[in-house]
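Only a predicted model underlies this, so the values are computations on that prediction, with no experimental measurement involved.
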Amino acid sequence: MPGVAECVESVRKAVDRVYGHRVMRRRSNEITSEAALRGARGSAALSGADWALEEVRRRTDFGGDAEARVMGAALRLTAEAGQLLSVWRQSPLRVLARLHVVAAARQEDSVGRPRREGEAVDEPLIEAALPGADELSGRLEGLADLLVAGTSAPALVTAAVVHGELLALRPFVSHNGLVARAAERIVLVGSGLDPKSVCPAEVGHAELGSTAYRDAFDGYVSGTPEGMAAWIAHCARAVELGARESMAVCEALQRGAA
């Protein structure tokens, strides 16, 4: 397993390759839009809606069955995340609340606020023990304080920690995986590592598969240096795969095939 420094360097090279492609100089908005669509599809796949990309393009109604609602939530989150960068730097908790409101898309007391003691959480992919409300509150505040104060850690590491911590805490009664992956995207974009949001980590997480995702997350929850390194390496590989996806889109556009 590569070390953290090696992961950071590998991700930087993968991202730089995308930004260095000649298509990015002329058609970066198209790459960003395509990355958003593919990222949403990937995040939804991990939350139980594993649809073909063409099905996502074709559908206009995402309010039907459970899978359609998951896909709709993922698409809304991806669209919303890019609008929240300035707020994230000042108040990450406000952004997380907003992301949950956007994902849930319903008017209920439990939407847009941290869950309370005894409230059930609908997050079937993650089976780790659920922290109580007091622990949740303290850890959320600690995460927010860290983000607002800033850190010398590389963007990849910060994004992995935000993603892992939100999965571990599951702060809301639903849609925590989708929100955690959207927050990872916000960190990667807002940090300047991927400012045009063209290297969707969600694509990579989906490609690596739910089993690998859970196994790597178990490493995060363990809190051991080895477990944390494994989670960061997993997130790094996801970003690299997202970058590879956008490189393929660039190549297709260059050939006039997309």
Side-chain angles (χ1 to χ4, degrees), residues 2 4-21 24 28-29 31-44 46 74-75 77-90 92 95-96 98-99 102 143-144 146-148 150-167 176-208 213 216-217 220 228-229 231-247 249-250:
V4 172
E6 290 84 352
C7 289
V8 169
E9 181 61 21
S10 182
V11 165
R12 168 53 67 190
K13 289 179 178 178
V15 173
D16 285 349
R17 281 193 292 271
V18 178
Y19 279 82
H21 197 285
M24 280 292 293
S28 64
N29 288 342
I31 307 302
T32 296
S33 295
E34 188 64 20
L37 184 69
R38 295 179 184 222
R41 194 217 71 82
S43 191
L46 286 173
L75 289 165
L77 282 175
T78 300
E80 187 76 9
Q83 311 302 314
L84 297 172
L85 291 172
S86 61
V87 182
W88 177 265
R89 297 184 184 101
Q90 301 171 5
V95 171
L96 293 174
R98 174 60 185 167
L99 291 175
V102 168
L143 181 64
L146 175 69
L147 292 167
V148 171
T151 172
S152 60
L156 169 69
V157 174
T158 303
V161 168
V162 168
H163 185 170
E165 190 70 355
L166 292 175
L167 282 183
N176 289 290
L178 292 172
V179 168
R181 291 185 288 275
E184 179 185 47
R185 173 182 284 258
I186 289 173
V187 174
L188 292 171
V189 173
S191 67
L193 176 62
D194 180 20
K196 294 183 183 295
S197 193
V198 295
C199 301
E202 305 97 319
V203 167
H205 287 303
E207 184 173 336
L208 291 167
Y213 188 72
F217 173 66
Y220 179 87
M228 289 292 292
W231 172 247
I232 292 168
H234 181 88
C235 292
R237 183 60 181 149
V239 176
E240 290 173 0
L241 290 170
R244 187 183 70 178
E245 186 90 351
S246 286
M247 278 292 289
V249 173
C250 287

Exercise for the section: Quick one: do Leu193 and Val187 satisfy side-chain contact (heavy atoms from CB on, under 4.5 Å)? Show the steps, please. Expected result: CA-CA 9 Å; Leu193 176 62; Val187 174; over 6 Å; no
Practice task
Evaluate salt bridge (Lys or Arg N to Asp or Glu O under 4.0 Å) for Glu9 paired with Arg12, printing each intermediate quantity in order.
Solution key: CA-CA 5 Å; Glu9 181 61 21; Arg12 168 53 67 190; over 6 Å; no
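Taking the six-membered ring where the residue is Trp, Trp231 and His205 present parallel rings, their angle staying beneath 30° rather than reaching 60°.
Considering CZ of Arg98 and CD of Glu80, their distance stands at 4.5 Å, rounded to 0.5 Å. In this structure, CD on Glu165 lies 10.0 Å from CG on Leu146, to the nearest 0.5 angstrom. Put simply, CD1 on Ile186 and NE2 on His163 are 13.0 Å apart, with the number rounded to the nearest 0.5 Å. Between atom CG of residue Leu241 and atom CD of residue Glu202 there is a gap of 12.5 Å, rounded to the nearest 0.5 Å. To the nearest 0.5 Å, the span separating CE on Met24 from CZ on Arg17 amounts to 14.0 Å. Taken to the nearest 0.5 Å, the NE2 atom of His21 stands 11.0 Å off from the OG atom of Ser246.
Across Ala35 and Arg185, no two heavy atoms sit closer than the pair O-NH2, 3.7 Å. The shortest non-hydrogen separation linking Ser191 to Ala155 is OG-CB, 3.1 Å. Minimum heavy-atom separation, Ala74 to Ala44: CB-CB, 3.9 Å. Closest heavy-atom contact between Ala183 and Leu96: CB-CD2, 4.2 Å. Taking all atoms of both residues into account, the shortest heavy-atom contact from Val102 to Leu77 is CG1-N, 4.1 Å. Among all heavy-atom pairs drawn from Tyr19 and Ser197, the shortest one is OH-N, 3.8 Å.
Here the side chains of Ile31 and Lys196 are not in contact, with every heavy-atom distance at 4.5 Å or above. A 4.5 Å side-chain heavy-atom check between Leu37 and Thr78 finds every atom pair outside the cut-off. Using a 4.5 Å heavy-atom threshold, the side chains of Val162 and Glu184 count as separate. Residues Val157 and Thr151 have side chains not in contact (no heavy-atom distance under 4.5 Å, counting atoms from C-beta outward). Side-chain contact between Cys199 and Leu188 is absent, with no heavy-atom pair separated by less than 4.5 Å. Considering only heavy atoms from C-beta on, Asn176 stays 4.5 Å or farther from Leu166 through its side chain. Using a 4.5 Å heavy-atom cutoff, the side chains of Arg244 and Glu207 are in contact. The closest side-chain heavy-atom distance from Leu167 to Tyr220 is not below 4.5 Å.
Ser43 contributes no side-chain N or O that, together with a main-chain N or O of Arg181, makes up a donor-acceptor pair within less than 3.5 Å. Between the side chain of Ser10 and the backbone N or O of Glu6 there is no donor-acceptor pair closer than 3.5 Å.
A side chain to side chain contact (heavy atoms under 4.5 Å, CB included) with Val239 is found for exactly one of Val15, Asp194, Val203, namely Val15.
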